[in-house]
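Notes for the one structure printed next.
Residue numbering restarts at 1 for every chain, and letters A, B, ... go by the order of the sequence lines. In what follows, every heavy atom counts, from backbone to side chain, and hydrogens, waters and symmetry copies are set aside.
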Amino acid sequence: MFFSKMLIPTMREVPSEAEAISHKLMLRAGYVRQLATGLYIYLPLGWKVMKRINRILKEEMDAIGAQEVSLPIVHPAEIWQKTGRWDDIKEEMFRLKDRTDRDMCLGMTHEEIMTWLAAKEIRSYRDLPQMWYQIQTKLRDEARPKSGILRTREFIMKDSYSFDADDEGLDKSYQLHADAYHKIFSRCGLKFYQVESDTGMMGGATAHEFMAPSPAGEDDIVLCVSCCYAANVEVARSIPTPLKDLQWEYEEVYTPQKRTVKEASGFLKVEPPYFIKSLLLIASEGPVLVLVRGDQELHEKKLTKIIGAFRSASKEEILTTLGVEAGFIGPMGHKIRILADKSLKEGSYISGANKADHHVKGIRPGVHFNAEWHDLHTAKEGDYCPQCNASLKIKKAIEIGNIFKLGTKYSTSLNAVFLDKNGKEMPIIMGSYGIGPARIAAAAIEQNNDKDGIIWPSSIAPFDVEVIPLNVNDTRTMEVARSLYKELNNNGLDVLFDDRDERPGVKFKDADLIGIPVHVVIGEKSLKDNNIEIKIRSTKEGRKIPVDNALADIINVIHERANQ
RNA sequence: CGGGGCGUAGCGCAGUUUGGCUAGCGCACCUGCCUUGGGAGCAGGGGGUCGGAGGUUCAAAUCCUCUCGCCCCGACCA
């Protein structure tokens, strides 16, 4: 491909709207343009990257026996009403009516439609298992699109669905996907972790996410430095740092205006872990007092699983319910339901005295208060691994894929059933598995860039190699360059040929920005010694090679890079 | 949906506080010359509903009201 003929609108300056590195570079290097919030145009370079990623997705999905299909993007409401999601999902679903006033929606995901198809076509256990996938546009009217193509309102997703006759079958389909995902992300050149994750509204028992570590990520993941424990903070367990039992006597202490743990801790010169944070929350059942250690944060999702939806109490509610000013709540002597994090089960602590401007030292669980014990804290850096007790670290990460065991949630509501060996009607057992190719591209950039631009992993780069004649008005330069371009193409390589009449500096800058992994530079200087240069984008390392043997050398270098 | 910020040429910005001549700068773009190993130089040139609507005023990019768009933080994320 000739550079001069291709739409590659590089920019020297960064558009002010971009924040994330991948977003800035994709705009600057001419990969994407924004149409509106969360809606992006893929320019030729960007689309080539997407196609290469999708190729890998298809190869690995086909390899585990999944079959590609294509489902509509516009769905009749009826199917979504049957699973309840027409009502469960609120503004995030794009809805419309057809000309006969029938309710329709734009697909945000395709469990409903895949299950509908299974219900229609699968009759017998002999038809199972099945795995169907598609690479299809999804639409979600996101509350807050962000970070360029990382979170958009319209996006392409590889989504696959497994249909099995029993749980063993589901386990197998699930594992096949997990293995395929490892291959896919490795082939795409990403650093990633498979982590335990929340099943969310998908329902079902087991779910994992594939996470590419990056500061641009929206999720925090917890990783054990020693064993394989890895989990999204949304579900992560952890063992808090152990405390000494300080053997305090039970006594009231004066703490004027010291409301927060931080303030009281500084005032009393006692570390935050020796405090009990007492939070009054209003659940549908009424007020609930929740206790976590002073150095911990309440994990709202964990609590929601126990008491349902809740909100924090207002200052007035605290006063009328507990008879104490906010900031001085203690766990002692209340008649309402009390839940506490398990880490508070031993030791003695400081907490509010249920009396303005006073705290109490020496509070002992079981003696001065009782509670229902649960895991209610958010795992944090420095906590210990629930599996092996080594220390935990926390990283930001981009969710690039997920796998869910759905069970029979969708098959039951859409009547996707089969007859088993005994002629008994059973619901199909399902799994659902997603990958966001645009997120793979963004994560690859986030993980591979320098001050000059993108450094693509060779598997998903828009071209295999860029040929750069420095002076297009020099006959010898162009002879050598044209012939190399032709031969590289003939050898099945995808080549970008910078035929523009630009100064060398411009070409080098653009080449670095665009990030094709291997550059071949043809300049008069080297040609005098009958040499050209091969440059590796990632290291900036250059090597002179004789013109005569150039083709073989270049091909070698490209293959070496591809196998890394 | 709550909080904050920003809309002036394709991109980056100045001008807005304190209204005042023809709305400016850098880059990009076009023409010519020149140049060719890290975003060259010189000369000439094109490009603007100052996000939009209404208002105040002799006079509005600038002040007032409404509105639209975009970004960031939070909530949310099936």
### Query
Can you tell me the Watson-Crick or wobble partner of B/G2, both distances under 3.5 angstrom?
B/C73
### Query
If only atom types and distance count, is the side chain of A/Asn449 paired as donor or acceptor with the main-chain N or O of A/Glu446 below 3.5 Å?
yes
#### Entry: Between B/G41 and B/G26 - P atom distance, rounded Å
12 Å
#### Entry: Watson-Crick or G-U wobble mate for B/C27, both contacts under 3.5 Å
B/G10
N/O-N/O pairs, protein side and nucleotides 8-11 of chain B side, under 3.5 Å:
{"residue": "B/C11", "atom": "O2", "partner": "A/Glu13", "partner atom": "OE1", "Å": "3.4"}

### Query
Under 4.0 angstrom, heavy atoms only, what part of the nucleic acid is A/Ala36 near: base, sugar-phosphate, or nothing?
sugar-phosphate
### Complementary nucleotide of B/C34, counting Watson-Crick and G-U pairs under 3.5 Å
none
### Test item: A/Gln447 side-chain N/O and A/Pro213 main-chain N/O as donor-acceptor pair under 3.5 Å
yes
### Query
Nearest-Å distance, CG (A/Asp499) to C1' (B/U36)?
16 Å
### Task
For A/Arg311 and B/G2, give me the distance from atom CZ to atom P, rounded to whole Å.
19 Å
### Task
Give me the one residue out of A/Arg28, A/Arg500, A/Arg12 that meets salt bridge (Lys or Arg N to Asp or Glu O under 4.0 Å) with A/Asp510.
A/Arg500
### Query
In the structure shown, which nucleotide is the Watson-Crick or G-U wobble counterpart of B/C58, with both distances under 3.5 Å?
B/G20
#### Entry: Closest-nucleotide ordering on RNA chain B, the 5'-leading residue of A/Glu234 and A/Leu35
A/Leu35
### Task
State which residues pass side chain to side chain contact (heavy atoms under 4.5 Å, CB included) with A/Asp499; sequence neighbours excluded, sorted by chain then number.
A/Phe2, A/Phe3, A/Ser4, A/Phe497
### Task
Mind checking A/Arg28 for me? I need base, sugar-phosphate or nothing, with any heavy atom below 4.0 Å counting as a touch.
base
### Query
With no hydrogens and no angle check, is any side-chain donor or acceptor of A/Arg237 less than 3.5 Å from a backbone partner on A/Ala231?
no
### Task
Using heavy atoms to find the nearest nucleotide of RNA chain B for A/Glu142 and A/Gly38 separately, return the residue whose nucleotide is more 5′.
A/Gly38
### Task
Can you tell me the distance, in whole Å, between the CG atom of A/Asp450 and the P atom of B/G38?
18 Å
### Query
Phosphate oxygens OP1/OP2 of B/C73: is one of them under 4.0 Å from a side-chain N or O of A/Arg144?
yes
### d(CG, A/Asp88; P, B/C76) in whole Å
17 Å
### Summary
Hits for salt bridge (charged side-chain N to carboxylate O under 4.0 Å, His left out) against A/Glu218, two or more places apart or cross-chain, chain-then-number order -> A/Arg151, A/Arg439
### Task
Determine the contact category for A/Glu533: base if any of its heavy atoms lies under 4.0 Å from a base atom, sugar-phosphate if only primed atoms, P, OP1 or OP2 are that close, otherwise nothing.
base
#### Entry: Inter-nucleotide P distance (B/G10, B/C50), Å rounded
13 Å
### Neighbour count above 12 (heavy atom, 6.0 Å) for A/Lys540 NZ
yes
### Message
Take a 6.0 Å sphere around NZ of A/Lys302 and say whether it holds more than 12 heavy atoms from other residues, nucleotides or ligands.
### Response
yes
### Task
Can you tell me, in whole Å, how much space there is between the C1' of B/G20 and that of B/A61?
13 Å
Check nucleotides 41-51 of chain B against the protein and report each pair of N or O atoms closer than 3.5 Å, with its distance, or say if there are none.
none

### Task
For the pair A/Lys396 and A/Asp220, find out whether any cationic side-chain nitrogen is under 4.0 Å from an anionic carboxylate oxygen.
yes
### Query
When you compare B/G51 with B/C1, how far apart are their C1' atoms, in angstrom units rounded to a whole number?
24 Å
### Task
Output the residues of residues 466-482 of chain A in contact with RNA chain B, where contact means a heavy atom of the residue under 4.0 Å from an atom of the strand; sort by number or write none.
A/Leu470, A/Asn471, A/Asn473
#### Entry: Sidechain N-carboxylate O distance under 4.0 Å for A/Lys305, A/Asp198
yes
### Task
Rounded to the nearest angstrom, tell me the gap between atom NE2 in A/His23 and atom P in B/C71.
8 Å
### Query
With A/Glu234, which residues qualify under salt bridge (charged side-chain N to carboxylate O under 4.0 Å, His left out), at least two apart?
A/Lys301
Short heteroatom pairs, N/O only, protein and nucleotides 31-33 of chain B, under 3.5 Å:
none

#### Entry: Integer angstrom distance from the C1' of B/U65 to that of B/U57
16 Å
### Query
Should the pair A/Lys409-A/Glu111 be classified as a salt bridge under the 4.0 Å nitrogen-to-oxygen rule?
no
### Message
Please give the distance between the P atoms of B/A40 and B/A59 as a whole number of Å.
### Response
48 Å
### Query
Expressed in whole Å, how much space separates the C1' atoms belonging to B/C73 and B/A28?
34 Å
### Query
According to the ring pair (Phe, Tyr, Trp, His ring centres under 6.0 Å) rule, which pairs have a member within residues 134-153 of chain A, sequence neighbours left out?
none
### Query
Tell me, which of residues 520-529 of chain A have any heavy atom that sits under 4.0 Å from an atom in RNA chain B?
A/Gly523, A/Glu524, A/Lys525, A/Ser526
#### Entry: For RNA chain B, the residues among residues 500-509 of chain A that have a non-hydrogen atom under 4.0 Å from it
A/Asp501, A/Glu502, A/Arg503, A/Pro504, A/Gly505, A/Val506, A/Phe508, A/Lys509
Please tabulate, for the side chains in residues 464-473 of chain A, all donor-acceptor contacts under 3.5 angstrom to protein atoms that are two or more places apart in sequence or on a different chain.
{"residue": "A/Asp464", "atom": "OD1", "partner": "A/Arg52", "partner atom": "NH1", "Å": "3.4"}
{"residue": "A/Asp464", "atom": "OD1", "partner": "A/Arg52", "partner atom": "NH2", "Å": "3.2"}
{"residue": "A/Asp464", "atom": "OD2", "partner": "A/Asp494", "partner atom": "N", "Å": "2.7"}
{"residue": "A/Asn471", "atom": "OD1", "partner": "A/Asn473", "partner atom": "N", "Å": "2.9"}
{"residue": "A/Asn471", "atom": "ND2", "partner": "A/Glu524", "partner atom": "OE2", "Å": "3.2"}

### Task
Using the C1' atom as the reference point in each nucleotide, state the distance between B/A53 and B/G32 in Å, no decimals.
46 Å
### Query
Quick check: does any side chain N or O of A/His299 sit under 3.5 Å from a backbone N or O of A/Val233, one acting as donor and the other as acceptor?
yes
### Message
Strictly distance-based, threshold 3.5 Å: is any side-chain N or O of A/Glu381 a donor or acceptor partner for the main-chain N or O of A/Ile394?
### Response
yes
#### Entry: Touch class at under 4.0 angstrom, heavy-atom based, for A/Ser147 against every strand present
sugar-phosphate
### Message
When you measure from the side chain of A/Tyr31 to the backbone of A/Ile514, do you find a donor-acceptor pair of N or O atoms at a distance under 3.5 Å?
### Response
yes
With 3.5 Å as the limit, what N/O pairs link the protein to nucleotides 4-7 of chain B?
none

#### Entry: Side chain A/Thr408, main chain A/Ser411, donor-acceptor under 3.5 Å
no
#### Entry: Atom-to-atom span, NZ of A/Lys24 to C1' of B/G12 - whole angstrom
13 Å
### Message
Under a 3.5 Å distance rule, please check whether A/His110 uses its side chain to pair with a backbone N or O of A/Pro72 as donor and acceptor.
### Response
yes
